[in-house]
K.L.:
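Structure provided below as structure tokens; questions to follow.
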Amino acid sequence: MKLTVKLLDIANRGVLLHSTDARNMRVRDGDRVLVADEATGKTAQAHVDTTGSLIEPGVIGVYRPLNATLAVDEGTVVVVRSAERPASLRHIKKKMDGGRFTKDETVDIVRDIVDDILSPGEITAYVTASYINGLDMDEVEYLTRATVETGERLHFTRHPIVDKHSIGGVPGNKITLLIAPIIAASGLLIPKTSSRAITGAGGTADLMEVLAPVSFTATEVQQMTEKVGGVIVWGGATNIAPADDKIITYEYPLRIDARGQMIASVMAKKFAVGADLVVIDIPVGRNTKIPDPQEGRKLAREFIEIGERLGMRVECALSYGESLVGHTIGPNLEVREALAVLEGATEPSSLVQKSLSLSGIALEMAGKAAQGQGYQAAAELLRSGKALEKMRQIIEIQGGDPTVKAEDIVPGEYRFDVRAPQDGYVIELNNSALVTLARLAGSPYDHGAGLEIHAKKGTRVKKGDPIFTIYAEREWRLERAIEVGRTLMPVVVEGMVLERIPHERWV
Ligand SMILES: O=P(O)(O)OC[C@H]1O[C@H](OP(=O)(O)O)[C@H](O)[C@@H]1O
Ligand SMILES: Nc1ccnc(=O)[nH]1
């Protein structure tokens, strides 16, 4: 059917058809059509939305991303016909039924994700099927390679290239803000790409954005790294492993991180930046992605194996994930805490020790410290102020204010103190519930939103002592977080009545 183009500024790969035209073409909402510009020979596949009012019959609304491919002007007459569903949908259905992806099937799926051929719902189906039925090591390797090959790669002349990555799952995990500058301060190159929050309330890219822009091209990432030794950027903006960030977009609302997908997501980014040496942080414990340490050891071996298959040397650290890292959750609060440590603060010990331990492993792997001396070497880079100076250089080259101080970074104006209901010891701080409250307060989108924990697990409190404070930039978000917090019970003080079960007359 020939239709006249009307350009629509809508950010997905679709077209809008009048319901009469759609009916005549035998297509419905969610189906696909092939749009062809006979003058240029360009064609593009798109998802269909229909309307009975927004456009007239004989007109096709072409959405912005589709026109990035078609490059047609308003008023152009294009040929539109129904298109077959991509083969990748059959592959996804196969995984739903417990089947294995082949290498070619994996390439089909990743390619269709990158090219926006798969709809949000279809990508969610892929993520969910992989989450439920898992991926074996060959499928993980196929996925890692396909994720790399559908994007750009960095090629450094200097080696070794060092990198680190946390699988996430523990709130407050702001360690990259310390590790990246420590490693760069040692003279090593660390082109650190991070994702935004997946299951948490602030991914490293969300945190770093408080200090400087994080959206750069692959070429800029390489140039900045070669110039100052390291960066902390958002992988999703670089076209490095572009499928990864699209997939993470659909994991976020479900707060899932499919195991095989997670390995490929991490290792694809490391491989794409040309990492030779990689340290992987695997937080383990209740309410993390890896509740069981034995499972953590198995995952570590899988990371190491995928590293070997791709030519990277990987070491893993199982880290304590039962309690948040440091005392803060949420961009401004976390960045303030991390910057304070770079400026010389020696607390919180959980943040300092975890950052120095992982940095130490990287320094030992790279030969910058003797075996067993990495922690001390990292500590000296921190104590001497070299890590702080390097962080200032990273902030500056990424376009931030290198003179920023921890005290300059403040949380949202609305706050609420959650207090101890009685005397006792804090016997539980539920990470998952804390993340829920931080997200409800507005984190990570509202940088000032988040939580500050005053009494971690094991702390003795008196009735009325503040246990944690919720911050928000909008009053209604604070009120929502307070309301939900009353039922979520993220903190348990020994002796608290958790629930009253009333007497019921047994019939
Ligand atoms: O949201 P959850 O699932 O906790 O994990 C996601 C975070 O963990 C990793 O951090 P890094 O890049 O190693 O600093 C990712 O990049 C991301 O920022
Ligand atoms: N799935 C992922 C977990 C953590 N970091 C990532 O980049 N990806």
K.L.:
Which residue pairs satisfy the salt bridge (charged side-chain N to carboxylate O under 4.0 Å, His left out) criterion with at least one member in residues 195-206, sequence neighbours excluded?
P.N.:
Arg196-Asp206, Arg196-Glu209
K.L.:
Quick one: list whatever passes side-chain hydrogen bond (donor to acceptor under 3.5 Å, both in side chains) with Glu251, sequence neighbours left out.
P.N.:
none
K.L.:
Go through the structure and list residues passing side-chain hydrogen bond (donor to acceptor under 3.5 Å, both in side chains) with Thr217, not counting sequence neighbours.
P.N.:
Glu220
K.L.:
May I ask you to check whether Thr436 and Arg255 show a side-chain donor-acceptor distance below 3.5 Å?
P.N.:
yes
K.L.:
Can you run down the salt bridge (charged side-chain N to carboxylate O under 4.0 Å, His left out) pairs that involve residues 444-455, sequence neighbours left out, and say none if there aren't any?
P.N.:
Asp446-Arg474, Asp446-Arg477
K.L.:
Can I get a per-line list of side-chain donor-acceptor pairs under 3.5 Å for residues 323-335, giving both atom names and the distance, sequence neighbours left out?
P.N.:
unit_1, atom_1, unit_2, atom_2, d
His327, ND1, Ile453, O, 3.2
Thr328, OG1, Lys174, NZ, 3.3
Thr328, OG1, Leu333, O, 3.4
Thr328, OG1, Glu337, OE1, 2.9
Asn332, ND2, Val410, O, 2.8
Glu334, OE2, Gly330, N, 2.9

K.L.:
Tell me every residue that passes salt bridge (charged side-chain N to carboxylate O under 4.0 Å, His left out) with Lys164, counting only those two or more places apart in sequence or in another chain.
P.N.:
none
K.L.:
Glu139: which residues meet the salt bridge (charged side-chain N to carboxylate O under 4.0 Å, His left out) condition with it, sequence neighbours left out?
P.N.:
Lys95
K.L.:
Sort and list the pairs that fulfil salt bridge (charged side-chain N to carboxylate O under 4.0 Å, His left out) and have at least one residue in residues 258-281, not counting sequence neighbours.
P.N.:
Asp163-Lys270, Asp244-Lys269, Arg259-Glu295, Arg259-Glu302, Asp281-Lys354
K.L.:
Return the set of residues passing side-chain hydrogen bond (donor to acceptor under 3.5 Å, both in side chains) with Gln393 (not counting sequence neighbours), or none when no residue passes.
P.N.:
Glu389, Lys390
K.L.:
Using the test salt bridge (charged side-chain N to carboxylate O under 4.0 Å, His left out), find all partners of Arg145 that sit at least two apart in sequence or belong to another chain.
P.N.:
Glu141
K.L.:
Got a sec, which residues hit salt bridge (charged side-chain N to carboxylate O under 4.0 Å, His left out) with Glu305, two or more places apart in sequence or on another chain?
P.N.:
Arg309
K.L.:
Quick check: closest heavy atoms across Met208 and Met391, and the distance to 0.1 Å?
P.N.:
SD-CE, 4.0 Å
K.L.:
Can you sort out the partners of Arg460 under side-chain hydrogen bond (donor to acceptor under 3.5 Å, both in side chains), two or more places apart, ordered by chain and number?
P.N.:
none
